[in-house]
Amino acid sequence: MKGKFIVLEGPDRCGKSTQAKLLYNYLLEHGCDVVLTREPGGTPAAEKIRQIVLEPGLDIRPVAELLLYEASRAQHTQEKIIPALQEGKIVICERYTMSTCAYQGYARGLDLKMIETVNQIATTGLQPDLTLVFLMSDKYFSSRGEYLFSDRLEREDREFRQNMRQGYRNLVERTKNAYLIDADDDVDVIRARVIELLKEHHITDLCPLLKS
């Protein structure tokens, strides 16, 4: 692929959407050809699946949940991510395959090997060039979401969130080019660390005004 694929991972309300937008604007300002997208979603069909899988009150069993996420991912990857990378663009995506391992694997208890297999099928083997995992203290989960609508997964209990966060830690240790980011830090401190990592991995070399 001529472009670069950056994934921002982490629990709900950890600030990854804020950092994704800050990064998107930073890269745009420096002449980059950049796409900002998200999972589940990112395309019209994938967004329809997102509505189903996150709707509060629906009784969606773990394997069905997994397959819904993967259907959304397959559509998103083929319709949006791969074409953008082939055109030499930088793609910033909120969540990708690691989130499925953390949520449906470590938190739901589904078999990780099964999840990795369906991830491989849905992505046709596409891997991020850089994965940034934002982890915050659980004490901030309620305070940061006080005025937010809670989707189906945000309504899971503390144990679910703890298992998911530990899953992210384990996954970072065995994933190439993956880094933990302390999401309890100040927004500007986090932004600086994100940009530093992009420069270390020469992703900013694709930007006319940021070439090293």
Side-chain angles (χ1 to χ4, degrees), residues 1 3 5-21 23-25 33-87 89-112 114-128 131-134 141 144-145 147-157 160-161 164 167-168 171:
M1 299 289 182
F5 186 26
I6 307 164
V7 173
L8 280 64
E9 287 279 6
D12 297 302
R13 306 174 186 174
C14 68
K16 63 185 173 298
S17 294
T18 296
Q19 291 299 326
K21 290 173 185 175
L23 179 58
Y24 175 76
N25 290 332
D33 197 352
V34 58
V35 172
L36 177 60
T37 189
R38 69 175 183 176
E39 287 210 347
T43 71
E47 289 288 341
K48 291 290 186 182
I49 298 172
R50 179 188 179 92
Q51 293 174 13
I52 295 170
V53 79
L54 295 181
E55 183 176 336
L58 284 184
D59 179 12
I60 301 178
R61 303 306 166 92
V63 173
E65 181 181 79
L66 170 65
L67 295 176
L68 283 167
Y69 276 114
E70 298 295 354
S72 175
R73 176 165 300 134
Q75 182 70 29
H76 184 214
T77 301
Q78 290 296 316
E79 182 181 346
K80 190 168 189 176
I81 297 175
I82 289 178
L85 294 173
Q86 290 173 336
E87 292 170 3
K89 298 179 181 180
I90 297 175
V91 176
I92 303 168
C93 187
E94 295 180 45
R95 293 208 172 111
Y96 202 55
T97 54
M98 187 183 285
S99 63
T100 309
C101 294
Y103 276 80
Q104 281 67 52
Y106 284 90
R108 286 275 187 248
L110 294 180
D111 182 72
L112 281 172
M114 176 182 70
I115 293 173
E116 289 168 359
T117 297
V118 290
N119 273 338
Q120 178 78 9
I121 293 169
T123 64
T124 63
L126 179 66
Q127 297 289 330
T131 302
L132 307 175
V133 180
F134 299 81
F141 179 80
R144 291 184 179 183
Y147 303 107
L148 297 177
F149 168 80
S150 293
D151 64 38
R152 195 172 58 83
L153 290 186
E154 288 175 333
R155 296 185 181 189
E156 293 290 349
D157 60 20
F160 180 93
R161 296 196 300 273
M164 170 265 294
Y168 271 125
L171 291 161

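Treat the numbers as computed from the prediction; the structure is a model and nothing was measured.
- Taking each heavy atom of Y168 and P11 in turn, the nearest pair found is CE1-N, 4.0 Å.
- T131 OG1 to R95 CZ: the interatomic distance, rounded to the nearest 0.5 Å, is 13.5 Å.
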Pair L85-L126, side chain to side chain contact (heavy atoms under 4.5 Å, CB included): steps then yes or no: CA-CA 11 Å; L85 294 173; L126 179 66; 3.9 Å; yes
Check the pair I90, V35 against side chain to side chain contact (heavy atoms under 4.5 Å, CB included), reporting the backbone distance first and the verdict last. CA-CA 6 Å; I90 297 175; V35 172; over 6 Å; no
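- Side-chain contact check for C101 versus N119: some heavy-atom pair is nearer than 4.5 Å.
- Interatomic distance, L66 CG to I60 CD1, rounded to the nearest 0.5 Å: 12.0 Å.
- By the 4.5 Å heavy-atom criterion applied to side chains, M114 and L110 are counted as neighbours.
- The side-chain heavy atoms of C93 and T37, taken from C-beta on, include a pair separated by under 4.5 Å.
- The distance from the CG atom of L23 to the CG atom of L36 is 8.5 Å, given to the nearest 0.5 Å.
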Decide salt bridge (charged side-chain N to carboxylate O under 4.0 Å, His left out) for E9 and K16; before the verdict, give the C-alpha distance in whole Å, the side-chain angles of both, and the deciding distance to 0.1 Å. CA-CA 7 Å; E9 287 279 6; K16 63 185 173 298; over 6 Å; no
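- Here the side chains of E65 and E70 are not in contact, with every heavy-atom distance at 4.5 Å or above.
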Stepwise side chain to side chain contact (heavy atoms under 4.5 Å, CB included) check, Q127 with F5: CA-CA 8 Å; Q127 297 289 330; F5 186 26; over 6 Å; no
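- Interatomic distance, I52 CD1 to S72 OG, rounded to the nearest 0.5 Å: 10.0 Å.
- Contact check for Y69 versus I49: no side-chain heavy atoms found under the 4.5 Å cut-off.
- Test E94, H76, E47 against R38 for side-chain hydrogen bond (donor to acceptor under 3.5 Å, both in side chains) and you get one pass: E47.
- Closest of all the heavy-atom pairs between L171 and A102 is CD1-N, 3.8 Å.
- Using a cutoff of 4.0 Å between basic side-chain nitrogens and carboxylate oxygens, R50 and E55 are not scored as salt-bridged.
- The CD atom of Q75 sits 13.5 Å away from atom NZ of K48, with the distance rounded to the nearest 0.5 Å.
- Nearest heavy atoms, G41 versus A46: O-CB, 3.4 Å.
- Inspection of the R161 and Y103 side chains reveals no N or O donor paired with an N or O acceptor under 3.5 Å.
- For the atom pair NZ of K21 and CD1 of I92, the computed distance is 12.5 Å after rounding to the nearest 0.5 Å.
- Taking 4.5 Å as the limit, some side-chain heavy atom of L8 sits within range of a side-chain heavy atom of Q19.
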As a quick check of understanding, evaluate side chain to side chain contact (heavy atoms under 4.5 Å, CB included) for M98 and V7, giving each step before the final call. CA-CA 9 Å; M98 187 183 285; V7 173; over 6 Å; no
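- Both the sub-6.0 Å distance and the 45° axial angle are satisfied by R73 relative to the ring of Y96.
- Between T97 and I115, the closest side-chain pair of non-hydrogen atoms is not below 4.5 Å.
- What you find for A84 and V91 is that their closest heavy atoms are CB-CG2, 3.7 Å.
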